[in-house]
2 protein chains.
Amino acid sequence: MISSTVENYLKRIYLEQQTDPKALVPMGKLAAVMQVVPGTATAMVKTLADSGLLEYEPRGGIRLTAGGEQLALHVLRRHRIIELFLVNHLGLDWSEVHAEAETLEHAVSDKVLERMDTLLNHPRFDPHGDPIPPAKGRMPTESWIPLPAVPAGQRAQIAQLSDQDPAFLQFIERNALTPGTEIYVASYDPQADAVTLNVPDGSHITLGGAAAEKIMVRLGRVSQCGTRVP
Amino acid sequence: MISSTVENYLKRIYLEQQTDPKALVPMGKLAAVMQVVPGTATAMVKTLADSGLLEYEPRGGIRLTAGGEQLALHVLRRHRIIELFLVNHLGLDWSEVHAEAETLEHAVSDKVLERMDTLLNHPRFDPHGDPIPPAKGRMPTESWIPLPAVPAGQRAQIAQLSDQDPAFLQFIERNALTPGTEIYVASYDPQADAVTLNVPDGSHITLGGAAAEKIMVRLGRVSQCGTRVP
DNA sequence: TCTCCTTTTTTGAGTTATCAAAATAATTGG
DNA sequence: CCAATTATTTTGATAACTCAAAAAAGGAGA
Ligand SMILES: [Mn+2]
Ligand SMILES: [Mn+2]
Ligand SMILES: [Mn+2]
Ligand SMILES: [Mn+2]
């Protein structure tokens, strides 16, 4: 049996890998995101490499094998379906489900997960806009850009929020910037580090660069089936 | 934080305790139900005693403290609400939910649990007829007797099934003997080790003593609110 | 090229939960 | 009441995961 510790490592490694698919994930990065001391990460990586779940280049970094990636995607699928189930069926707030899913993802059986998936009508995106890995088949590729990359005067649709901090997500919801929302970028001033956008309800809001960077958008008016619009 | 291992021990100790509330639970019994060697049980019991969760009389046995019992009831509440949720809201079969709940009981937060409780309308019994410990307040006392203790010619209502084995539960469901069912005990022959009963649909069935002992009933026609009648 | 600084690995140790097997206590039958 | 059996505890080890701190490797700049 695969431990929840191993599942967490694989999932984090996969997510790090996605930020730069060609590069190896450095050990220091892994230790940081797993919140362990570097020596712990080295020890764990050695056992994962021995289990054939990743390739380990000492002093170089790591990369998941096909087997490791498959397991990671399985955990990610559980995580995201659980998040959506908690929001849609149990009425939890989208700002708190990430923490809940972090433990439930290791406890929910395949049978229960597929029941949730059915009840949710085979959703393609989780509450934060992240794609749900399909039970079989390749992971869909997303074409998101951070909000500050949108030229002023363009329309865009909010696709995903890259920060799970409840306070940030509550701010997003208060200002009606949840995934699926159509926005219009009124201005972007790199010097002022500020993006101003218009939202459908007619109001407008100005964000600093740090906040705007956490908002991933799709250019133009794209329809995104399966996304919840809270 | 309390580990799931400790939660499992406390829950099992509580359930053993109920079989004879005045006596101490012997170490051998604990080791057997936890499926560990006796030495393991001794080691764990020492740490639980040090944590103030139980009283340990070496070579005598153990008994939960008030604190230990409270924790045990909390775990039991989670277990039974989860079972009912899996049956009523996710459509799982009642014969399989025990195993699912065995792991989920350690992963579901209080917040999620209370959402389930609300959605289920504050149920009083789980799918197997076991009472759900209330969030606060005393555990209700049940007055069940095993089916073979019912005199022939009496009416009774099936209250609970004391065996979680899926094959047994499926047999019970096939023969419409789920909790809440009104039955009539046609005959009980200790020599033949056989109980014959009539069920509402008009058919009758004969059970051996071992199977009948696992069926707990309430005498007479009692209404039991909150029990699911599948 | 040779420090100095950063990153990574190694070493030694602790915690939790487990087993195998030896030692000990308690019980029970003759 | 003693010997044999049974129940329980003790002892010594192991596996998984972790940290602290020492050691080693790999740059980057002078
Ligand atoms: Mn997790
Ligand atoms: Mn998410
Ligand atoms: Mn359990
Ligand atoms: Mn039950």
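Letters A, B, ... mirror the listed sequences (proteins, then strands); counts begin at 1.
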Think [X] has a side-chain N or O under 4.0 angstrom from the OP1 or OP2 of [N]?
X	N	result
A:T40	D:dC19	yes
A:T5	D:dC17	yes
A:S3	D:dC17	yes
A:Y9	D:dT18	yes

Start with the C-alpha gap between B:E100 and A:K111, add the side-chain angles, then the distance that decides, and say whether salt bridge (charged side-chain N to carboxylate O under 4.0 Å, His left out) holds. CA-CA 9 Å; B:E100 297 276 357; A:K111 180 166 257 164; over 6 Å; no
More 5' along DNA chain D: A:V6 or A:G39, using each one's nearest nucleotide? A:V6
Return the nearest nucleotide to the side chain of A:M44; candidates are D:dC17, D:dA24, D:dT8. D:dC17
Charged N-O contact under 4.0 Å between A:E83 and A:R78: no
Using a strict cut-off of less than 4.0 Å between a Lys/Arg side-chain nitrogen and an Asp/Glu carboxylate oxygen, indicate whether A:R63 and A:E57 qualify as a salt bridge.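 Salt bridge absent between A:R63 and A:E57.
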Distance under 4.0 Å to a non-hydrogen atom of chain A counts as contact; along DNA chain C, which nucleotides mark the start and end?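 That gives a stretch of C:dT8 to C:dT10.
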Identified side chain to side chain donor-acceptor pair (under 3.5 Å) partner of A:K11 from the options A:E16, A:E102, A:H74: A:E102
Between [Y] and [X], do the side chains contain a donor N or O and an acceptor N or O under 3.5 Å apart?
X	Y	result
A:T178	A:E173	no
B:N8	B:H106	yes
B:H128	B:Q164	yes

Grab the [atom1]-[atom2] distance between [X] and [N] for me, whole Å please.
X	N	atom1	atom2	value
B:R59	D:dT10	CZ	P	7 Å
B:K29	D:dT8	NZ	C1'	17 Å
B:Y56	D:dA7	OH	C1'	11 Å
B:I62	D:dA7	CD1	C1'	14 Å
A:L48	D:dT18	CG	P	11 Å

Touch class at under 4.0 angstrom, heavy-atom based, for B:V36 against every strand present: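 The answer is sugar-phosphate, as B:V36 gets under 4.0 Å only of primed atoms, P, OP1 or OP2.
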